[in-house]
Protein chains: 2
Amino acid sequence: MTGEQIILVVEDEPQMRRVLRTTLDGQGFRVIEAGSLADGMRAARDTPALVLLDLGLPDGDGLELVRWLRGWCRVPVIVISARGREADKVRVLDAGADDYLTKPFGVAELIARIRVALRHSAALGGPEEPVVEAGPIRVDFPRHEVTVDGVAVHLTPIEFRLLALLARHAGQVLTHRMLLREVWGPSAIEHTHYLRVHMATLRRKLEVDPARPHWLLTEPGVGYRLRDPGRAAKPT
Amino acid sequence: MTGEQIILVVEDEPQMRRVLRTTLDGQGFRVIEAGSLADGMRAARDTPALVLLDLGLPDGDGLELVRWLRGWCRVPVIVISARGREADKVRVLDAGADDYLTKPFGVAELIARIRVALRHSAALGGPEEPVVEAGPIRVDFPRHEVTVDGVAVHLTPIEFRLLALLARHAGQVLTHRMLLREVWGPSAIEHTHYLRVHMATLRRKLEVDPARPHWLLTEPGVGYRLRDPGRAAKPT
DNA sequence: CCGCGGCATCAAGAAAGCGTAAAGGTGACC
DNA sequence: GGTCACCTTTACGCTTTCTTGATGCCGCGG
């Protein structure tokens with residue numbers, strides 16, 4: 001699901017940065033580093049999964065970064081600070097940070113708190129569009145469900161993967177090779193016959209007139225395509 | 001925005017309890033108190049918006065309560081403890097707690113951290129239903145109880161976790177991997193046979209005709225699904 | 001008119017996935 | 001130390017799904 005999670009570390013002391021980098025690397029995270037507020041803002045555009053922010057930055061209050069982030073995204077922010085004063089904590093947390101660690105802290109605790117924060121953001125779900133519609137055909141990815149005019153249609157695993165692929169790229173042609181590689185694996189890119197067979201069953205299940213398909217279109221010599229109703233129909 | 005938010009305080013020292021109550025009252029929360037683990041579990045059925053948990057309880061480890069809560073809901077849990085050892089924190093946070101405060105702590109910080117936790121759960125959507133029904137099958141999470149047509153059915157721990165997972169996502173397919181990871185742990189995601197065996201026992205206990213299940217549905221090649229009575233029925 | 005290439009369809013055997021029963025194995029609790 | 005409940009593991013028959021080869025269709029160029 002989540003391949004490699006990126007953590008943005010905003011910290012000016014090189015020593016501390018090295019510790020954090022090696023620790024997080026060891027946990028399987030990819031680490032991006034920034035040494036200042038400005039750098040942090042720049043780096044945050046890579047949409048990290050989490051931000052680790054040291055408050056004692058040279059070019060301004062880390063609070064600014066928290067507010068700035070909250071202005072446009074919900075990425076979890078864990079603040080690290082030497083200042084243990086309660087008023088500081090309250091200010092930072094109320095600004096939108098998700099946790100506050102006081103130096104010195106243990107590495108294990110940091111990792112545990114990172115896990116907590118990622119757990120939260122994972123529960124919020126990704127930004128991806130979970131449903132694709134093409135005319136009467138509706139593909140619901142999280143439910144693994146396909147309906148035609150509202151009635152559920154049962155698809156076999158291969159059929160679903162095939163349709164899902166076409167639906168995710170609705171409107172554009174997917175070549176034989178591409179479809180075969182994604183559905184059957186790289187070793188099957190020559191078995192174009194698989195495609196014909198399974199496209200036929202898909203059409204039988206989804207099309208009104210399987211012999212004259214209206215949604216699952218053949219692009220002769222190239223591949224297949226799911227008609228995108230939002231775009232102009234292809235020229236006859 | 002939300003009318004009156006309930007906070008469950010699980011704490012055995014009356015003195016500490018009084019401090020917390022007055023503080024939280026002053027912030028506009030409604031406070032429910034519990035002096036022991038058992039009381040805490042009982043009180044949690046009122047679906048509080050947040051749980052404040054002191055680890056030093058007389059009748060057992062507070063860790064138990066965290067695990068128990070996570071078994072059926074995501075209510076934010078903030079743990080308060082006199083023990084500041086890092087290993088303790090990691091254990092509790094990994095068990096599912098959302099934050100860990102070491103005594104002594106400032107009231108303002110506590111409030112700030114409560115705000116953070118509530119912010120998170122608000123983003124997730126409010127407190128969850130403690131009970132899910134699917135046709136004659138009724139799953140009561142806090143009581144750990146399952147009934148069919150009103151009669152209690154005894155489920156083994158694994159069976160309950162399996163059913164609970166399906167019930168919490170009623171209507172949508174849960175993949176083999178997902179179910180195995182959540183019920184048996186990440187190391188078992190390949191033992192799909194476990195699923196078959198335990199789904200069989202579940203069906204024997206819950207279905208009228210276990211051989212032709214009406215609620216615990218197989219999604220061939222993908223996973224399993226609990227039929228959501230709110231949605232359209234399947235075609236034959 | 002005929003042959004050819006790309007495509008659709010059909011059907012049968014092979015393979016994979018699923019359900020059930022029952023035999024060990026393990027730990028808890030007297 | 002024996003019983004009990006539960007989980008794991010093995011075995012086997014059944015069903016669904018996939019693969020594979022055969023056949024027919026259609027348009028195009030020769």
Side-chain angles (χ1 to χ4, degrees), chain A residues 144 146 152-166 173-177 179-180 182-185 187-225 236, chain B residues 64 144 146 152-166 173-180 182-185 187-225 234-236:
Chain A
H144 242 266
V146 176
V153 173
H154 174 75
L155 297 188
T156 71
I158 282 197
E159 286 160 11
F160 185 85
R161 273 190 284 173
L162 200 51
L163 179 63
L165 215 61
L166 289 165
V173 183
L174 298 184
T175 63
H176 295 140
R177 297 176 60 87
L179 290 166
L180 286 163
E182 293 297 318
V183 175
W184 278 271
S187 60
I189 52 174
E190 293 180 353
H191 298 164
T192 52
H193 189 58
Y194 290 6
L195 276 178
R196 286 198 269 280
V197 173
H198 290 280
M199 285 301 292
T201 69
L202 265 181
R203 281 172 174 155
R204 205 173 316 132
K205 291 182 178 180
L206 303 178
E207 294 275 3
V208 180
D209 180 0
R212 321 235 312 332
H214 190 247
W215 298 103
L216 295 165
L217 308 177
T218 300
E219 220 63 47
V222 184
Y224 293 89
R225 177 166 68 92
T236 325
Chain B
E64 286 310 311
H144 254 258
V146 175
V153 173
H154 173 74
L155 297 188
T156 71
I158 280 196
E159 284 160 13
F160 184 83
R161 272 190 283 172
L162 200 51
L163 179 63
L165 217 61
L166 290 165
V173 182
L174 299 185
T175 63
H176 295 139
R177 298 175 60 88
M178 215 186 276
L179 290 165
L180 286 164
E182 295 296 320
V183 175
W184 279 270
S187 59
I189 52 174
E190 293 181 354
H191 298 164
T192 52
H193 191 60
Y194 291 6
L195 279 177
R196 286 198 271 280
V197 173
H198 290 279
M199 285 300 293
T201 69
L202 266 180
R203 281 173 175 154
R204 233 193 323 267
K205 292 180 179 181
L206 303 178
E207 294 275 2
V208 179
D209 180 1
R212 320 210 17 275
H214 191 249
W215 298 102
L216 295 165
L217 307 178
T218 300
E219 220 63 47
V222 184
Y224 293 89
R225 178 165 65 91
K234 73 161 185 191
T236 319

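Below, chain A is the first sequence line, B the second, and so on; all start at residue 1.
Taking only side-chain nitrogens and oxygens, B:R212 never comes nearer than 4.0 Å to OP1 or OP2 of C:dG19. Distances shown here put every side-chain N or O of A:R196 at or beyond 4.0 Å from the OP1 or OP2 atom of C:dA8. Close to C:dC7, at under 4.0 Å from its OP1 or OP2, lies no side-chain N or O of A:Y194. When the side-chain nitrogen and oxygen atoms of B:T156 are compared with OP1 and OP2 of D:dA5, none of them lie within a distance under 4.0 Å. Contact annotation: A:H198 side-chain N/O to C:dT9 OP1/OP2 distance is not under 4.0 Å. Neither OP1 nor OP2 of D:dC18 sits under 4.0 Å from any side-chain N or O of A:W184.
For A:I158, whose side chain is taken as the heavy atoms from C-beta onward, the closest listed nucleotide among D:dC6, C:dC18, D:dT19 is D:dT19. Closest to the B:R203 side chain, of the nucleotides C:dG19, D:dT17, C:dT9, is C:dG19. Distances were taken from every side-chain heavy atom of B:H193 (C-beta onward) to each of D:dC6, C:dA21, D:dT17; the shortest belongs to C:dA21. Closest approach to the B:R204 side chain among C:dC10, C:dA21, D:dC18 is made by C:dA21 (side chain taken as heavy atoms from C-beta onward). Minimum atom distance to the side chain of A:A200 is reached by C:dT9, of the listed C:dC18, C:dT9, D:dT8.
In this structure, the CG atom of A:D209 is 13 Å from the C1' atom of C:dA8, given to the nearest Å. Going from atom CG of B:L162 over to atom P of D:dT8 covers 12 Å, rounded to whole Å. Rounded to whole Å, atom P of C:dA8 lies 15 Å from atom CG of A:L206. Spacing between atom OH of B:Y224 and atom P of C:dG17 amounts to 12 Å, rounded to whole angstrom units. Between the NE2 atom of A:H191 and the C1' atom of C:dC7 there is a distance of 18 Å, given to the nearest Å. Note: CG (B:L155) to C1' (D:dA5) measures 14 Å, nearest angstrom. Counting to the nearest Å, the C1' atom of D:dT8 and the CD atom of B:E190 are 16 Å from each other. Taking atom NE2 of A:H154 as the reference point, atom P of C:dG17 lies 14 Å away to the nearest angstrom.
Between A:F160 and A:H144, the ring planes are parallel. Angles under 30° get that label, and only those over 60° would be called perpendicular.
Inspection of the A:R203 and A:T218 side chains reveals an N or O donor paired with an N or O acceptor under 3.5 Å.
A salt bridge does not link B:R161 with B:E182: none of the charged nitrogens is closer than 4.0 Å to a carboxylate oxygen.
Counting any heavy atom pair closer than 4.0 Å across all strands shown, B:T218 reaches sugar-phosphate atoms only and no base atom.
Residues B:V208 and B:H214 are not in side-chain contact: their nearest non-hydrogen atoms beyond the backbone lie 4.5 Å or more apart.
With respect to B:Y224, the side-chain contact (heavy atoms from CB on, under 4.5 Å) criterion is satisfied by exactly one of B:L202, B:L174, B:L179: B:L179.
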